[in-house]
Amino acid sequence: MTVLVSPTALSNHQARDFRMFIDGRWEAGASDPIERVAPSHGVVVSRFPTGSGKDAERAIAAARKAFDLGPWPRMTASERSAILLKAADLIAARAEELAFLDAIEAGKPITQVRGEIAGSVDIWRYAAALARDLHGESYNTLGDGTLGVVLREAIGVVSIITPWNFPFLIVGQKLPFALAAGCTTVVKPSELTSGSTLVLGEILQEAGVPDGVVNIVTGAGPEVGAVMTSHPDVDMVSFTGSTGVGKLTMSNAAQTLKTVSLELGGKNPQVVFPDADLDAFIDAAVFGAYFNAGECCNAGSRLILHRSIASDVVKRIAELSKDVKVGDPLDPSTQVGAIITPQHLEKISGYVAGARSSGAKVAHGGERLDLGMGQFMSPTILEAVTPDMAVAREEVFGPVLSVLTFETTAEAISIANSIDYGLSAGVWSRDFDTCLTIGRSVRAGTVWMNTFMDGASELPFGGYKQSGLGRELGRHAVEDYTETKTLNMHIGKRTSWWMPQTEKPA
């Protein structure tokens, strides 16, 4: 592990003051702002308005009015598409600004965030294309007297709630598809990392999105999020975050039977057989465990290794882990940045300590790093982990890799499926039958074969079990923000009567 330290990188940074965006106006909060301290440098880098439930209600009212009376749902698909394409171009033009904000607020490596912003641009362009592909159905096969038409209509007002770990990327997996469908929205970014989403509000305003179509309210979940998930004028909730908060979101939405889309936690296995390309796998294992400091729902945090190769593979992963560069997120060579908050670092350390007390062994790392700034965790490998340990079953959300072993394919599948999550998984083997067996047997929304954490705008993303409901991305993503309406049309004179008919005199 290489430590990269440049503690003066933000010493002269002027904290940026942001405002909320409601009905086309930029507003300050009524109370003291939220001050975001950079997890990497320990200095205030941003100030966000402390939104209230009343602010959320005003934003919902604006979105409701924009949907019921405004132009956005009534535009042609090509008109909405053109605005989304312009937004994508403006995101690309401000990419460095957006990347800097996510890096300093979330502690993410700047090189990584630049890639996320580029990926977001592609998603916005993909959503713009899907806007023009949205269509219904017609049925001319119901007899001479009937014509059936199925319409797809925008679902209405959508509450979008996003997490702190991928602030700009995840709002890009939701908002452009909702807009493409003709919906209006209220967006709540995490109170820890709101900056890039608020800049997105500026971009959408410049791109020509009408007032009230996108509203952005900052603040805490109990005040703002609770209103957004329960208000009767909201038709749908799209949430990404922890499984616990996802359950609360679903409970709130159930009071008015809203449509709910949830992308939640993961404890994702990589199953490795002896015939795998181990060089490729070991690189992918390090990437899958430590990418975004492990603060990633898709992290490959559970290795399930065939017992015959386990000892050698763990040694090789530990050796490669020594070269992972941990440090200042603003250094382009950094691979692992800071942990989001001191409290979260304490939680990660607690999982490692608990695993050790249960019999697991630290093959690499295992300790916090004192870099003279912020909070950092060393890339960590735990071996001799058993399926019943908390570190093997629960989402650590840190750079911690748990290693389990198996003898038979059936045992590997059993271990992979033994937990409450089912977001993603990986399998490594040169035998295609083996890959397909695992791919078809593991209950997860995505299964990577001889790769890990690849993605594309065209491929749906979401989980089984307690990893969520619904899917994001893919060719049906815009449809998720629609309702279907059947028009059953009678043609000509009525020929089927329920009540007896008497002939009228000539």
Side-chain angles (χ1 to χ4, degrees), residues 10 12-39 41-67 70 72 87 90-91 94 97-106 157-164 167-168 170-171 174-175 179 184-231 233-234 241 340-341:
L10 287 177
N12 298 319
H13 175 72
Q14 184 70 38
R16 183 166 174 177
D17 293 297
F18 289 92
R19 291 175 177 254
M20 292 183 292
F21 187 52
I22 300 176
D23 202 13
R25 296 183 296 273
W26 295 95
E27 305 181 8
S31 56
D32 292 339
I34 300 166
E35 290 194 331
R36 178 54 180 152
V37 175
H41 293 82
V43 298
V44 176
V45 290
S46 302
R47 296 185 185 92
F48 312 124
T50 302
S52 65
K54 293 293 185 184
D55 293 320
E57 289 175 355
R58 290 191 301 110
I60 292 167
R64 185 79 262 166
K65 181 179 178 181
F67 185 79
W72 188 254
L90 292 171
I91 292 169
R94 298 180 70 171
E97 174 189 3
L98 293 164
F100 177 77
L101 285 169
D102 277 6
I104 61 174
E105 291 176 9
V157 175
V158 181
S159 286
I160 294 174
I161 301 175
T162 58
W164 48 258
F168 198 79
I170 289 179
V171 75
K174 302 173 183 291
L175 181 56
L179 296 178
T184 60
T185 62
V186 180
V187 180
K188 192 197 92 64
S190 167
E191 62 270 27
L192 300 176
T193 56
S194 299
S196 62
T197 302
L198 291 167
V199 171
L200 178 60
E202 298 174 4
I203 288 170
L204 295 176
Q205 193 173 38
E206 183 180 350
V209 174
D211 293 349
V213 172
V214 176
N215 305 272
I216 304 171
V217 183
T218 53
E223 288 76 33
V224 176
V227 173
M228 290 174 59
T229 55
S230 61
H231 198 285
D233 281 343
V234 171
I340 189 72
T341 62

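Values below: all heavy atoms of this structure, side chains included; hydrogens, waters and symmetry mates excluded.
Atom-to-atom distance recorded for Ile170:CD1 and Ile160:CD1 is 12.0 Å, nearest 0.5 angstrom. Taken from CD in Glu223 to NZ in Lys54, the straight-line distance is 13.5 Å, to the nearest 0.5 Å. Taken from CG in Leu204 to CG in Leu90, the straight-line distance is 9.0 Å, to the nearest 0.5 Å. Here CD1 of Ile216 is found 9.0 Å from CD of Glu202. Values are rounded to the nearest 0.5 Å. Here the straight-line distance linking atom NZ of Lys174 with atom OG1 of Thr162 works out to 8.0 Å at 0.5 Å rounding.
Side chain of His41 to backbone of Val43: no donor-acceptor contact under 3.5 angstrom is found. Put simply, the side chain of Asp102 never gets that close to the backbone of Ala99: no donor and acceptor are under 3.5 Å apart. Of the possible polar contacts, one joining the Thr218 side chain to the Pro49 backbone as a donor-acceptor pair under 3.5 Å is found. Thr185 places no side-chain N or O within donor-acceptor distance of the main-chain N or O of Val187, the cut-off being under 3.5 Å.
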Would Glu27 and Arg58 satisfy side-chain contact (heavy atoms from CB on, under 4.5 Å), going step by step from the backbone distance to the final call?
CA-CA 12 Å; Glu27 305 181 8; Arg58 290 191 301 110; 2.6 Å; yes
Test side-chain contact (heavy atoms from CB on, under 4.5 Å) applied to Trp72 and Leu179, step by step
CA-CA 8 Å; Trp72 188 254; Leu179 296 178; 3.9 Å; yes
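Annotation for Ile340 and Thr193: closest pair CD1-CG2, 4.4 Å, computed over non-hydrogen atoms. Between Leu98 and Ser196, the closest heavy-atom pair is CD2-O, 3.7 Å. In plain terms, the two heavy atoms of Ala106 and Pro39 that are nearest each other are C-CG, 3.7 Å. Of all heavy-atom pairs spanning Thr197 and Pro189, the tightest one is OG1-CB, 3.7 Å.
Leu200 has its side chain within reach of Ile91: a pair of non-hydrogen atoms, C-beta onward, lies under 4.5 Å apart. Residues Glu105 and Val45 meet the side-chain proximity criterion, which asks for heavy atoms closer than 4.5 Å. In this structure, the side chains of Phe48 and Leu198 come closer than 4.5 Å at one or more pairs of heavy atoms.
Applying the salt bridge (charged side-chain N to carboxylate O under 4.0 Å, His left out) rule to pairs touching residues 188-200 yields Lys188-Glu191, sequence neighbours excluded.
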Side-chain donor/acceptor pairs under 3.5 Å, residues 14-24, sequence neighbours excluded:
from  : atom 1 : to    : atom 2 : distance (Å)
Arg16 : NH1    : Glu97 : OE2    : 2.9
Arg16 : NH2    : Glu97 : OE2    : 3.2
Asp17 : OD1    : Arg47 : NH1    : 3.4

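Here the options are Val217, Val186, Ile60, the test is side chain to side chain contact (heavy atoms under 4.5 Å, CB included), and the partner is Val227; only Ile60 passes.
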